[in-house]
Amino acid sequence: MSEQVEDTPIDRGGYDFNAMQAKWRPVWEKLDPFKAKDDGSAERRYALTMFSYPSGDLHMGHAEVFALHDVLSRYWFQQGYDVLNPIGWDSFGLPAENAAIKRNEHPATYTYANIETQAESIRRYAMSFDWSKRLHTSDPEYYRWTQWLFTRFYERGLAYRKASFVNWCPNDQTVLANEQVVQGRCERCGFEVTKRELTQWYFKTTEYAQRLLDDMDQLQWPEEILLQQRNWIGRSEGAFAEFQVEGRDEPIRVFTTRPDTLFGATFLVVAPDAKLAADLVTPDQQGAFDEYLRAVKATTEIERLSTDRDKTGVFLGSYAVNPVTGQRIPIWAADYVLADYGTGAIMAVPGQDSRDWEFAEKFHLPIIRTVQPEEGFDGKAFTGDGPAINSSNAELNLDGLEVAEAKSRTIDWLEDKGLGERTINFRLRDWLLSRQRFWGAPIPIIHCPACGEVPVPDDQLPVELPDLRGSDLSPKGVSPLAAARDWVEVACPKCGGAAERDTDTMDTFVDSSWYFLRYLSPEYTDGPFDPGMAERWMSVYQYVGGKEHAVLHLLYARFFTKALHDMGLLKVTEPFTRLLNQGQVINEGKSMSKSLGNGVNLGDQLDEFGVDAVRLTMVFAGPPADDIDWADMSPGGALKFLQRAWRLAGAVESPVGTDPATGDVALRRVTHRTVADATDLLDSMRFNVVIAKVMELVNATRKAIDSGPGAADPAVREAVETTAILLSLVAPYTAEEMWEELGHEPTVAKAGWPVVDPALLVEDTVTCVVQIAGKVKDRLEVAPDITDAELEQLALASEAVVRALDGRGTRKVIVRAPKLVNIVPA
RNA sequence: GCCCGGGUGGCGGAACGGCAGACGCAGCGAGCUUAAACCUCGCAGCCGAAAGGCGUACGGGUUCGAAUCCCGUCCCGGGCACCA
């Protein structure tokens, strides 16, 4: 498509976006208008966009999120807020490491080269960032504080190490957090995830589960994201219940949401990979169990998760006793029970649970219904509500009770007997944060044979990465750091004896869980951030970014903020008050990818249409949250509009400073109405409609010049100056050029938001619609202050109404002066 | 399977329960031009010559009045998915 341009150069009528871009960039860089003042002269607003991962140059997705983010930031600048709008890079991570292996160099080389490329592109894209706040998470000055925070978490027991079966990506050769496993595949590379038993570092996110739920009502976030987080946290109310095991002192504890069905518990199931299973297996079942466990470990997550998969399991040889029936019930191991949810053991109630039913059917275990299914129910397990049946013993009688009542009676009984209690369980797991890769912040822990885990003292931070490159970094299943012996071997900070550094690095999501705090004071050396700055600027007023981070970054950042609050480091408990999720930029109905070959190169688009036209296209495409199919867009149309707007500036004939008061009232009304509408629309983030309104203003101004009061009318200057200011949010180069043409000094970015004269929002006449039975029959031009009675009379006298009524009387007349009359004929 | 979104012209999308289709793209016509491009102006949901009728996925309902609210159905997109 770019060939056309080369063949027949389009006459831009003097509008030359390349020249504008070259002309204004240095001027703006000198003026540096977007630095946060922090002097108390204006209300503060922290505008944040998700920082970039430096994997290459900017792409179409960046172009969209930046365009939307910049509209808001520039809008607030124009309104006079003291805006903090920082930019930085999430510069640790695997791609740099993989590139370094391939090119036999240090990951930093690739990383910082890409950062420079992106920084240059961002400047060209005319983003209103405060560059003095710039940071990179891979700088030692940054990760020093990531490590400092880790040790604070460690001291409070919020960071700990444990062995368990963890998600392992065989391709990236590292463990993954739960949140990074999507449909059984590695979120990053798409490889099938397997399980490995490893000792890993965790953050205790579960300790904050309830507060993460509760504080959601402070957040003005898309409901969709809140819902996803709610589901992810997965609160469920129920009870623990204890089952005595034959020949064992310790009972088995299970978690159930249906304590009312206890009478129907005909067997127990434990997770095969839980320690409990190994404890319970009897010698004669040992062989069968070992074989089963081996098979379970060999299954990939994908297989395990497939719903239509047959239930598998093995009898452990032991028996427990149902506490209400006294029945002897067998204990099985099966992989439909998860080791790390609840207690890793369940009471199976096949009558009321479809998974248990399936299992019972397959292995010929008894099924007892304890809830009366509704009339005509022909299914298997009945999971609905209904009266309890088969549920009584000498002490407890549930028969006839509805589920809710039966639940609470059972729990009361269990608590009474010391056999269990009411509880709440969460689906959320602790956050696995250690990674066996190089390009990340080293975990600041020293393992000492005498003292155990010893956090690196604050004055020895940062623990800098050793200089490894090329094949030193290739994945070996253990961290590459382990091979750097002179780095690993250190003196224990406590006893001075020989000790070793922890060789894992932190998940890059740790870096991004607090970067918005470091932005406040990136040079600060007395702590991770300046507490005064945090008090003045937090929480982030508006966060803009993609919804792919719904349960990853956004949940982790919330967790960090709460933990920091509890440590007394932060006043606020939530990081981001408002959230805007932009859609994706796709092409021809599919997301852009190399394999599909449907990628659109941002650089090409910018070369062909210019920065302003691309930004305008992104903003005008539709509601910010919707995906943009680039194939449906017309950056050429956006460019045409910008030229049309720009030409207005050259047409204005009145001198700068002309008082608009004597100008053409009709055009002035359009101008002021446009500003009023745009203000409301921007406040509700309906940017595409704002653009439509500006287009209408441009059209009205053109008409005023050509066939109205003419180019010398003061209202024309007012309209064009307003256009320039409104356009400065989305097309800064064009707007600046117009502003200069109009006789002003740069920069239009801080010209100030136009003031609306309320008197000009009142129209002379209003179009009143006259309907008969809801169908429009006539339109009347009436005074805006017409009374209901007058209007009704006028409407009934209308020729069209008389014709349509055709002699029928009126049954009812609804009058909504001055806009509408609806006549209901008899 | 469960839970969310969403279905409006050829296309992207507008529309406090009150003129459906603003604004734009593509299209058509006119002016300017030797011609074209650019630019400016105009037309444009569908059927119909017109009057008029029909139209916001489909079927019902509430209402003086429904794209908008309620119920049911279908389709598309997304999230979760053995969480006891």
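Keep in mind that this is a model prediction, so the values were computed, not measured. Lettering follows sequence order; numbering is per chain, from 1.
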**Q** Of the candidate nucleotides B:rA84, B:rC39, B:rG65, which contains the atom at the shortest distance from the side chain of A:Arg647?
**A**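 Selected nucleotide: B:rC39.
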**Q** Paired stems touching RNA chain B, three or more consecutive Watson-Crick or G-U pairs with both distances under 3.5 Å?
**A**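 Listed by first number, the stems are B:1-7 with B:74-80, B:10-12 with B:23-25, B:27-31 with B:39-43, B:45-47 with B:52-54, B:57-61 with B:69-73.
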**Q** Taking atom P of B:rC64 as reference, at what distance in whole Å does atom CG of A:Leu791 sit?
**A**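 Taking CG of A:Leu791 and P of B:rC64, I get 20 Å after rounding.
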**Q** Under 3.5 Å, which donor-acceptor pairs do the side chains of residues 612-628 of chain A form with other protein atoms, sequence neighbours left out?
**A**
| unit_1 | atom_1 | unit_2 | atom_2 | d |
| --- | --- | --- | --- | --- |
| A:Asp612 | OD1 | A:Tyr733 | N | 3.4 |
| A:Asp612 | OD2 | A:Tyr733 | N | 3.2 |
| A:Asp612 | OD2 | A:Thr734 | N | 2.6 |
| A:Asp612 | OD2 | A:Thr734 | OG1 | 2.6 |
| A:Arg615 | NE | A:Val730 | O | 2.9 |
| A:Arg615 | NH1 | A:Asp70 | OD2 | 3.2 |
| A:Arg615 | NH1 | A:Tyr125 | O | 2.7 |
| A:Arg615 | NH1 | A:Ala126 | O | 3.1 |
| A:Arg615 | NH2 | A:Asp70 | OD2 | 2.8 |
| A:Arg615 | NH2 | A:Leu729 | O | 3.4 |
| A:Thr617 | OG1 | A:Ala613 | O | 2.6 |
| A:Asp627 | OD1 | A:Gln584 | N | 2.7 |

**Q** For B:rA67 versus B:rG13, give the span between their C1' atoms, rounded off to a whole number of Å.
**A**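 Here B:rA67 and B:rG13 have their C1' atoms 14 Å from each other.
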**Q** Considering just the side-chain nitrogens and oxygens of A:Tyr341, establish if one lies under 4.0 Å of OP1 or OP2 belonging to B:rA84.
**A**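 Answer is yes, contact under 4.0 Å.
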**Q** List in chain and number order the residues that pass ring-ring contact (aromatic ring centres under 6.0 Å, His included) with A:Phe240, two or more places apart in sequence or in another chain; answer none if no residue qualifies.
**A**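 Checked A:Phe240 against ring-ring contact (aromatic ring centres under 6.0 Å, His included); zero matches.
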**Q** Could you state the atom-to-atom distance from NZ of A:Lys362 to P of B:rC82 in whole Å?
**A** 17 Å
**Q** With a 4.0 Å cut-off on heavy atoms, is A:Arg429 in touch with a base, just the backbone sugar-phosphate, or nothing at all?
**A**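 A:Arg429: base contact, heavy atoms under 4.0 Å.
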**Q** Tell me what A:Leu227 touches on the nucleic acid: a base, only sugar-phosphate, or nothing, going by heavy atoms under 4.0 Å.
**A** sugar-phosphate
**Q** On RNA chain B, check which nucleotide each of A:Asp706 and A:Glu223 is closest to and give me the residue with the more 5' one.
**A**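 With A:Asp706 and A:Glu223 compared, the 5'-side residue is A:Glu223.
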**Q** Could you check how far CZ of A:Arg230 sits from C1' of B:rG79, rounded to whole Å?
**A** 14 Å
**Q** As a test of the definition: with a 90° window around 0 for syn, would you call B:rG9 syn or anti?
**A** syn
**Q** Please classify the nucleic acid contact of A:Lys812 as base, sugar-phosphate, or nothing, using heavy-atom distances under 4.0 Å.
**A**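 Sugar-phosphate, no base atom in range.
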**Q** Excluding sequence neighbours, so at least two apart, what forms ring-ring contact (aromatic ring centres under 6.0 Å, His included) with A:His553?
**A** A:Tyr543, A:His549
**Q** How would nucleotides 22-27 of chain B be written as a contact map, 5' to 3', with B for base contact, S for sugar-phosphate-only contact and - for no contact, using protein heavy atoms under 4.0 Å?
**A** BBSS--
**Q** Less than 4.0 angstrom between a side-chain N/O of A:Thr767 and OP1 or OP2 of B:rC19, yes or no?
**A**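 It does not, given that no N or O in the side chain of A:Thr767 lies less than 4.0 Å from OP1 or OP2 of B:rC19.
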**Q** Can you sort out the partners of A:Tyr341 under ring-ring contact (aromatic ring centres under 6.0 Å, His included), two or more places apart, ordered by chain and number?
**A**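 For A:Tyr341 there are no ring-ring contact (aromatic ring centres under 6.0 Å, His included) partners, ignoring immediate neighbours.
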**Q** Could you check whether A:Gln771 gets within reach of a base, just the sugar-phosphate, or nothing at all, counting any heavy atom under 4.0 Å?
**A**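 Here A:Gln771 touches the bases of the nucleic acid.
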**Q** Quick check on B:rA81: is either OP1 or OP2 less than 4.0 Å from any side-chain nitrogen or oxygen of A:Arg427?
**A** yes
**Q** Among residues at least two apart in sequence or on other chains, which ones pass side chain to side chain contact (heavy atoms under 4.5 Å, CB included) with A:Leu365?
**A**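 Residues passing side chain to side chain contact (heavy atoms under 4.5 Å, CB included) with A:Leu365: A:Phe267, A:Pro330, A:Trp332, A:Phe359, A:Ala360, A:Phe363.
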**Q** Strictly by salt bridge (Lys or Arg N to Asp or Glu O under 4.0 Å), give each pair with a member in residues 630-640 of chain A just once, sequence neighbours left out.
**A** none
**Q** Taking 4.0 angstrom as the limit, do A:Lys380 and A:Glu358 come out as a salt bridge?
**A**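 No, no charged N to carboxylate O under 4.0 Å.
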**Q** Across the strands shown, which category fits A:Ser707 at heavy-atom distances under 4.0 angstrom: base, sugar-phosphate, nothing?
**A**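 Since no nucleic acid heavy atom lies under 4.0 Å of A:Ser707, the category is nothing.
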**Q** For a quick check of understanding: with a heavy-atom distance under 4.0 Å over all strands, which category does A:Lys703 fall into, base, sugar-phosphate or nothing?
**A**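 Sugar-phosphate contact only - A:Lys703 comes under 4.0 Å of backbone atoms but never of a base.
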**Q** Going by the rule salt bridge (charged side-chain N to carboxylate O under 4.0 Å, His left out), which residues pair with A:Arg258 if we only count those two or more places apart in sequence or in a different chain?
**A** A:Asp260
**Q** Counting primed atoms plus P, OP1 and OP2 as sugar-phosphate and everything else as base, spell out the protein contacts along nucleotides 46-54 of chain B at 4.0 Å heavy-atom distance: B, S or - for each nucleotide, 5' to 3'.
**A** ------S--
**Q** Taking only distance into account, with no hydrogens and no angle test, what donor-acceptor pairs under 3.5 Å do side-chain atoms of residues 769-779 of chain A form with protein atoms, sequence neighbours excluded?
**A**
| unit_1 | atom_1 | unit_2 | atom_2 | d |
| --- | --- | --- | --- | --- |
| A:Asp778 | OD2 | A:Ser798 | OG | 2.6 |

**Q** Let me see the working for A:Trp431 and A:Tyr556 under ring-ring contact (aromatic ring centres under 6.0 Å, His included), right down to the final yes or no.
**A** CA-CA 8 Å; A:Trp431 169 13; A:Tyr556 294 149; 3.6 Å; yes
**Q** With a 4.5 Å heavy-atom cut-off, do A:Phe263 and A:Thr410 have their side chains touching?
**A**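 No, every pair of side-chain atoms sits at 4.5 Å or beyond.
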**Q** Taking only side-chain N and O atoms of A:Arg702, does any of them lie within less than 4.0 angstrom of OP1 or OP2 on B:rC41?
**A**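 False: A:Arg702 side-chain N/O out of range (4.0 Å or more) of B:rC41 OP1/OP2.
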**Q** Could you list the residues that satisfy side-chain hydrogen bond (donor to acceptor under 3.5 Å, both in side chains) with A:Trp221, not counting sequence neighbours?
**A**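 For A:Trp221, no residue satisfies side-chain hydrogen bond (donor to acceptor under 3.5 Å, both in side chains) once neighbours in sequence are set aside.
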